[in-house]
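The sequence lines fix the lettering, A, B, ..., with proteins before strands; numbering per chain opens at 1. All of these numbers come straight from a predicted model, not from anything done at the bench.
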2 protein chains.
Amino acid sequence: MKEKIKNLTKEKIFNYCIKDFAKNGYSNVGIRKISKETGLSTGAIYYNFSSKEKIAWFLYDSATELVLNKIKTAIKKSTNGIEAIKSIISVLFQLTEENLHLMEYVLYVKHKDFLPGVPPICSSKPFEYIKRFIKTKIKEGVFEDMDMVIASSLIMGPIIRVIQLKMDGILKEDLNKYTEPLFNGIVKSVYRNQI
Amino acid sequence: MKEKIKNLTKEKIFNYCIKDFAKNGYSNVGIRKISKETGLSTGAIYYNFSSKEKIAWFLYDSATELVLNKIKTAIKKSTNGIEAIKSIISVLFQLTEENLHLMEYVLYVKHKDFLPGVPPICSSKPFEYIKRFIKTKIKEGVFEDMDMVIASSLIMGPIIRVIQLKMDGILKEDLNKYTEPLFNGIVKSVYRNQI
DNA sequence: GTCTATACACGGATAGAC
DNA sequence: GTCTATCCGTGTATAGAC
């Protein structure tokens, strides 16, 4: 993602805002603060983004796109449906460890409070992609035949929960430690061929 | 809860704010708007609450207290650990159907953006109560022996996920319909004595 | 206890120099 | 393309009459 941002000023704004929007909330971060913290003038900021809202949209698009790509490659690399679940957990935990602010911006921020018409995050590209994957695996008989709402909640619910515990500061440990045990629990709830 | 609010003005403010804070976000709801929509003057509002933040605290305390009480009675009424899980799901779904705004305010709103020092919602009274319950049941051998982080995520993750789908408007159906199938999935993931 | 009027700070955004 | 200075609206909160 960062590679795609040609413009140094835009990158500075991106890096600062994703951190501060996630930490303190969009409305608590003013243009003046962004200006002060990035060392850029308000003029420079408004030259690159026509409004504060556009900054938030840019963050939203970049962040969801990055998560989508990670998920895609994780699923594609997997040889079977059950392994893919582990890859999804692993890649989301990894991403949280590497780039907590980005994951906070994706999963924790209430975008609809300041981005008019934004889809709920569960309907954003990465999560729609996962839903389609689950649907396929149900059809193929890998996962038990169940309502999509139930299936996606049983799979994604616990994963998101753990990530949020990390974001809330409840969990200090490296999330990768939880990949295996969480996977085991999730599999039991949806996998067809119980051991 | 409403019964406890002796003061009519306070009740008006409560009813309006819990709805609008949840829907549009705390910072997007000004005193002038609250005044206009409740038919009260700003003077009356500030007579009852010394600041806007105090309104938010009042909502937070009342709402978490109500959820805590519902959870408590649900667990106490249950004869065994596994039935208690169903009761928890049921009562939370019921509450969402009856009082969506209240549940939105509890589960969806990012309190830390405007309530300095507020604990993350997973550390609020109702959720701490559930955690203690889970811990007990693990000790008693009802649930499999697993890390508390994993156990509580496998149980609460899917429940919260479904509720958030409702809050996001993805789910139109009555949540009670999902109690049974979700319960079945969750039980498989944590219950010790598989069938 | 509730009203109206108002103080005052801070928000986003723009203009125009460089 | 970035700077500084400034406009104007809206935010929370208060004062003082009733």
Side-chain angles (χ1 to χ4, degrees), chain A residues 2 4-61 105 109-118, chain B residues 2 4-61 105 109-118:
Chain A
K2 277 171 199 169
K4 281 193 193 166
I5 308 177
K6 303 283 181 212
N7 186 324
L8 182 68
T9 306
K10 258 186 158 155
E11 188 177 331
K12 270 190 198 164
I13 299 171
F14 179 95
N15 289 331
Y16 179 71
C17 286
I18 200 147
K19 197 162 45 182
D20 209 10
F21 285 1
K23 194 176 177 212
N24 297 312
Y26 176 82
S27 340
N28 297 314
V29 183
I31 297 292
R32 280 183 251 267
K33 192 178 173 200
I34 299 169
S35 159
K36 200 178 164 189
E37 297 289 327
T38 56
L40 291 140
S41 65
T42 67
I45 294 167
Y46 276 95
Y47 180 81
N48 285 277
F49 295 97
S50 56
S51 71
K52 189 185 159 190
E53 198 186 299
K54 285 279 165 62
I55 301 177
W57 274 113
F58 179 66
L59 299 184
Y60 180 85
D61 291 333
Y105 193 76
V109 164
K110 267 192 81 186
H111 305 97
K112 69 153 191 167
D113 283 357
F114 50 93
L115 296 180
V118 77
Chain B
K2 276 169 200 171
K4 281 192 191 167
I5 309 177
K6 304 280 181 212
N7 185 322
L8 181 68
T9 306
K10 258 186 159 156
E11 189 177 332
K12 269 191 199 166
I13 298 171
F14 179 96
N15 289 332
Y16 178 72
C17 286
I18 200 146
K19 196 161 45 181
D20 209 10
F21 285 1
K23 193 176 177 211
N24 298 313
Y26 176 81
S27 345
N28 298 314
V29 183
I31 297 291
R32 277 186 252 267
K33 192 179 172 198
I34 298 169
S35 158
K36 199 177 162 188
E37 297 289 326
T38 55
L40 290 140
S41 65
T42 67
I45 294 167
Y46 277 95
Y47 180 81
N48 285 278
F49 296 96
S50 56
S51 70
K52 188 184 158 189
E53 197 186 299
K54 285 279 165 60
I55 301 177
W57 274 113
F58 179 67
L59 298 184
Y60 180 85
D61 291 334
Y105 193 76
V109 165
K110 268 192 79 185
H111 305 97
K112 69 154 191 167
D113 283 357
F114 50 93
L115 296 181
V118 77

**For A/K110, salt bridge (charged side-chain N to carboxylate O under 4.0 Å, His left out) partners two or more places apart** =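 If we apply the salt bridge (charged side-chain N to carboxylate O under 4.0 Å, His left out) test to A/K110, skipping adjacent residues, the hits are A/D113.
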**OP:** Would you jot down, in residue-number order, the residues of residues 18-28 of chain B having a non-hydrogen atom under 4.0 Å from DNA chain C?
**Re:**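 None - not one residue of the stretch has a heavy atom sitting under 4.0 Å from the strand.
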Counting distance only, does the side-chain N/O of [X] pair as donor-acceptor with the main-chain N or O of [Y] below 3.5 Å?
| X | Y | value |
| --- | --- | --- |
| B/K112 | A/K23 | yes |
| B/S35 | B/L40 | yes |
| B/Y26 | B/E53 | yes |

Run the side chain to side chain contact (heavy atoms under 4.5 Å, CB included) test on A/C17 and A/I34 for me, step by step, so that the C-alpha distance in whole Å, both residues' side-chain angles and the decisive distance to 0.1 Å come before the verdict. CA-CA 7 Å; A/C17 286; A/I34 299 169; 3.7 Å; yes
Using whole Å, what does the distance between atom [atom2] of nucleotide [N] and atom [atom1] of [X] come to?
| X | N | atom1 | atom2 | answer |
| --- | --- | --- | --- | --- |
| A/I34 | C/dA13 | CD1 | P | 10 Å |
| A/Y46 | C/dG11 | OH | P | 11 Å |
| B/I31 | C/dC8 | CD1 | C1' | 16 Å |

Walking along DNA chain D from 5' to 3', note the first and the last nucleotide with an atom under 4.0 Å from a heavy atom of chain A, and give both.
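Boundary nucleotides touching chain A, in 5' to 3' order, are D/dG1 to D/dT6.
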inquiry  = Please evaluate residues B/K33 and B/D20 with respect to the criterion side chain to side chain contact (heavy atoms under 4.5 Å, CB included), reporting the C-alpha separation (whole Å), side-chain torsions for both, the decisive distance (0.1 Å), and the verdict.
reply    = CA-CA 10 Å; B/K33 192 179 172 198; B/D20 209 10; 2.8 Å; yes
(request) Might you work through the side chain to side chain contact (heavy atoms under 4.5 Å, CB included) test for A/I55 and A/F21, ending with a clear yes or no? (result) CA-CA 10 Å; A/I55 301 177; A/F21 285 1; 4.3 Å; yes
Is the distance between the ring centroids of A/H111 and A/Y105 under 6.0 Å?
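Yes, the ring centres sit under 6.0 Å apart.
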Position toward the 5' end of DNA chain C (nearest nucleotide), A/R32 or A/G43: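 Result of the comparison: A/R32.
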- request: Check whether the side chain of B/T42 and the base of C/dA5 form a donor-acceptor pair under 3.5 Å.
  value: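 For B/T42, whose side chain was compared with the base of C/dA5, there is a donor-acceptor pair (under 3.5 Å).
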